[in-house]
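Computed from a predicted model, the values in this text were never measured in an experiment. Chain A is the first sequence line, chain B the second, and so forth, proteins listed ahead of strands; every chain is numbered from 1.
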Amino acid sequence: MKIATWNVNSVKARLPRLLEWLKEASPDVALLQEIKVVDDGFPAMEIADLGYNIVTHGQKTYNGVAILSKHRLEDVSMGLPGNDGSDVQARYLEAFTGGVRVGCIYLPNGNPAPGEKYDYKLAWMDRLVAHARELLTWEENLVLGGDYNICPADEDVWSPAAFAGDALCLPQSRNRFRQLLNLGYTDAIRTFHQGPLYSYWDYQAGAWEKDHGLRIDHLLLSPQAADRLTAAGVDRAPRGREKPSDHTPVWCELDV
DNA sequence: ATGCCTTGCGGAGCAAGA
């Protein structure tokens, strides 16, 4: 089973790129972030024509997440638990499909830091850690994938010095990501690839051409899923195409 | 030192992204 995550930066603007990638990569499950549409605006028919079932947790203009699956989507829940009612942003969607539970994550950016936005990011991460801890007790094949907006280590940043004070790299951000690993989750990409490897390149300043990237899109696996992990990688091709997203897909294969 | 680019919204020029 191939599970991929991709921040598409507007599903409407990216529809041609998304359709061609679904055809060529043919993931069983695709976790999409920043769809930037309400549920009714999601281009469901074109995607369903490729054999996907769809569930969305949309929002007007900003954020929004979706799960596409060639298998039945069951036990769907929208929003990250632990919301006291103040969090109105559509950033989390979860479902069980094809023998695997998947969580689709669009973690807050958090810049500028310090500030309100960074406080929101850290509070959101605390809620994520709490939910991730709870999910492990279910002892399932589980993949928490998405745009974490965290560079876990300096090797995940093209210029650690330039990003030292950025919300994506600050110690408090990395600490909370490490808490997820310490719970027992496995970073699928780092199981197979060492050294610099990126999933995002800024639209500005020729970042893609210069390979000035960041690794911020991750697939974290429960021990049960990690035991079935056979491959993982970054699919760079979509970033090099016409009208690309600034992120590119990250994928893994589970033998389930 | 700052902006560089892309998107949505709405019909100009911001806000937000990372």
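The side chain of His247(A) places no N or O atom within less than 4.0 Å of a non-bridging phosphate oxygen (OP1 or OP2) of dG17(B). Side-chain N/O atoms of Asn149(A) include one lying less than 4.0 angstrom from OP1 or OP2 on dA18(B).
Applying the salt bridge (Lys or Arg N to Asp or Glu O under 4.0 Å) test to pairs two or more places apart or on separate chains, those with a residue in residues 173-183 of chain A are Asp126(A)-Arg176(A), Asp154(A)-Arg174(A). Residue pairs meeting the salt bridge (Lys or Arg N to Asp or Glu O under 4.0 Å) criterion with at least one member in residues 137-146 of chain A, sequence neighbours excluded, are Arg101(A)-Glu140(A). Residue pairs that meet the ring pair (Phe, Tyr, Trp, His ring centres under 6.0 Å) test with at least one member in residues 60-116 of chain A, sequence neighbours left out, are Tyr92(A)-His131(A).
Scored by the side chain to side chain contact (heavy atoms under 4.5 Å, CB included) test, Ala66(A) finds Leu32(A), Ile35(A), Phe42(A), Thr56(A) as partners (sequence neighbours excluded). Listed by chain and residue number, Arg236(A) satisfy the salt bridge (charged side-chain N to carboxylate O under 4.0 Å, His left out) test with Asp211(A) (two or more places apart in sequence, or in another chain).
Atom C1' of nucleotide dA16(B) and atom CD of Gln33(A) are separated by 17 Å, given to the nearest angstrom. One can place CZ of Arg91(A) at 10 Å from C1' of dG17(B), the figure rounded to the nearest angstrom. Summarising the geometry, the separation between CG on Asp246(A) and P on dA16(B) is reported as 17 Å, rounded to the nearest angstrom. For Asp156(A) and dA18(B), the CG to C1' distance is 15 Å, given to the nearest whole Å. Across the protein-nucleic acid pair, Asn7(A) atom CG and dG17(B) atom P stand 11 Å apart, rounded to whole Å. Protein atom CD of Glu116(A) is 15 Å distant from nucleotide atom P of dA15(B), rounded to whole Å.
Using a 4.0 Å heavy-atom distance criterion, Asp217(A) is classed as making no nucleic acid contact. No contact: Tyr148(A) has no heavy atom under 4.0 Å from any strand. Counting non-hydrogen atoms under 4.0 angstrom, Lys117(A) reaches the backbone sugars and phosphates but no base. Across all strands, His212(A) comes closer than 4.0 Å to no nucleic acid atom at all (heavy-atom distances). In this structure, Asp147(A) reaches the sugar-phosphate backbone alone: every heavy-atom distance under 4.0 Å involves primed, P, OP1 or OP2 atoms, never a base.
Of the P atoms belonging to dG13(B) and dC4(B), the separation is 15 Å, rounded to the nearest Å. Using atom P as the reference point in both dA15(B) and dG10(B), the two lie 15 Å apart (nearest Å). Going from the C1' atom of dA1(B) to that of dA12(B) covers 27 Å, rounded to whole Å. Going from the C1' atom of dG11(B) to that of dT7(B) covers 16 Å, rounded to whole Å.
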N/O contacts under 3.5 Å, protein versus nucleotides 4-8 of chain B?
unit_1 : atom_1 : unit_2    : atom_2 : d
dC4(B) : N1     : Gln204(A) : OE1    : 3.4
dT7(B) : OP1    : Arg14(A)  : NH1    : 2.9
dT7(B) : OP1    : Arg14(A)  : NH2    : 3.1
dT7(B) : OP2    : Lys243(A) : NZ     : 2.7
dT7(B) : O3'    : Ser10(A)  : OG     : 3.3
dG8(B) : OP1    : Ser10(A)  : OG     : 2.5

*Apply salt bridge (charged side-chain N to carboxylate O under 4.0 Å, His left out) to the pair Arg190(A) and Glu155(A), showing each step before the final yes or no.*
CA-CA 11 Å; Arg190(A) 283 298 179 217; Glu155(A) 65 179 353; 3.5 Å; yes
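Ring geometry for Trp158(A) versus His212(A): interplanar angle under 30°, hence parallel rather than tilted (30 to 60°).
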